[in-house]
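We name chains A, B, ... by the order of the sequence lines, and we start the count at 1 in each one. Values below: all heavy atoms of this structure, side chains included; hydrogens, waters and symmetry mates excluded.
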2 protein chains.
Amino acid sequence: MHINGDLLLSSLRASGLRITGARRAVCQVLAESHDDHLTAADLHKRVEALTGKPVDPSTIYRIIDVLEKAGHLRHVHFGHGPGVVHLVDQGAHHHIVCETCGRTADLALDELGDLTELLGAHGFSLGSTHFAIVAQCGDCA
Amino acid sequence: MHINGDLLLSSLRASGLRITGARRAVCQVLAESHDDHLTAADLHKRVEALTGKPVDPSTIYRIIDVLEKAGHLRHVHFGHGPGVVHLVDQGAHHHIVCETCGRTADLALDELGDLTELLGAHGFSLGSTHFAIVAQCGDCA
DNA sequence: CTCGATGCAAAGGTTTTGCACCAGG
DNA sequence: CCTGGTGCAAAACCTTTGCATCGAG
């Protein structure tokens, strides 16, 4: 089951936050592009296309921030370039991204046992999905 | 055994490149801070301290570029913040960095079997040490 | 009416680039 | 000399922030 835009909005309202046109549009776009990894710029374009009105980039970043603090959104860094954003309804996952072409794959948390061990041997623990693992995909290797 | 600055310089000369004051200083600083991960800004500061003369930041970046193309240097990204640079004399290694405090650890390539398998299961291969794996160290977790 | 949200513009930090001048070989 | 290296200044890129205004509740 996928989170829908209204659910996001009512969660905001429940926290005493206001429902504005921009927030409505961001939530709808996020809900519709549910399985995508959108950059702030992508989000911005789609929001403007949806509303027909100009929206300031800073507003997009602020809405991302609000949704992230509310726990609905996560933003992830894929090596170079802009960060990307995705909803977090169906459990967190880690990301692999191709350094060359940008193709991505998701890693379920229960696949990460060996990696956890490797990191543990050096006194580290995974514990964040904020940065992707950068690698090479089959086509680019 | 560690690469020393003169070795770097003679390699440059052997490629038909010129030995300048700035290049001499960068190579010496790199050789002396052999096991560190320096940012371009660190490098810049130490080069100016060593020569007593102002050096333009762009010159530092260009020298990094030259040394990297010559295969002596690698620059790595540790999550947010500036990239870091280190010599590559004793075999490539991968990096783990703590997302919170920035502490780093090196992963020898022969420790990466499991990670290689994990990535392979998704059609990816490691094959670059250009981006660190971002995690949490014991103190910050 | 009131406070939160937005637009605008500017700055932030790192890195790159264009261009004219300088200097290594 | 002559080409490559450097300084300077500006831009590029993504994101954040200050401040005045707008609008949701």
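Of all heavy-atom pairs spanning A:V76 and A:A132, the tightest one is CG1-N, 4.0 Å. Considering all non-hydrogen atoms of both residues, A:A105 and B:F124 come closest at CB-CE1, 3.6 Å. Closest of all the heavy-atom pairs between B:A22 and B:T59 is CB-CG2, 4.1 Å.
Taking atom NE2 of residue A:H44 and atom C1' of nucleotide C:dT6, one finds them 12 Å apart after rounding to whole Å. In this structure, CZ of A:R24 is placed 12 Å from P of C:dT6, rounded to the nearest angstrom. Atom NZ in A:K53 sits roughly 13 Å away from atom C1' in C:dG7 (whole-Å rounding).
Paired with A:H95 under the rule side-chain contact (heavy atoms from CB on, under 4.5 Å), one option of A:V84, A:D106, A:T104 passes, and it is A:D106. For the side-chain contact (heavy atoms from CB on, under 4.5 Å) test with B:L67, the passing option among B:V85, B:L12, B:V88 is B:L12; the others fail.
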How does each nucleotide of nucleotides 8-18 of chain C score, in 5' to 3' order, for protein heavy atoms under 4.0 Å: base (B), sugar-phosphate only (S), or none (-)? B-----SBBBB

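Ring orientation note: the planes of A:H80 and B:H130 are nearly perpendicular, at an angle over 60° on the 30°/60° scale.
The SG atom of B:C98 sits 10.5 Å away from the CD1 atom of B:I96 when rounded to the nearest 0.5 Å. Residue A:L118 holds its CG atom at 6.5 Å from CG of B:L112, rounded to the nearest 0.5 Å.
A donor-acceptor pair is defined here as one N or O able to donate and one able to accept, closer than 3.5 Å; no such pair exists between the side chain of A:D36 and the backbone of A:L38. The backbone N or O of B:V55 sits less than 3.5 Å from a side-chain atom of B:E48, completing a donor-acceptor pair.
Contact footprint of chain B on DNA chain D: nucleotides with an atom under 4.0 Å from a non-hydrogen protein atom, first to last in 5' to 3' order, D:dT3 to D:dC8.
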N/O contacts under 3.5 Å, protein versus nucleotides 20-24 of chain C?
| unit_1 | atom_1 | unit_2 | atom_2 | d |
| --- | --- | --- | --- | --- |
| C:dG24 | O3' | B:I19 | O | 3.4 |
| C:dG24 | N2 | B:R18 | NH2 | 2.7 |

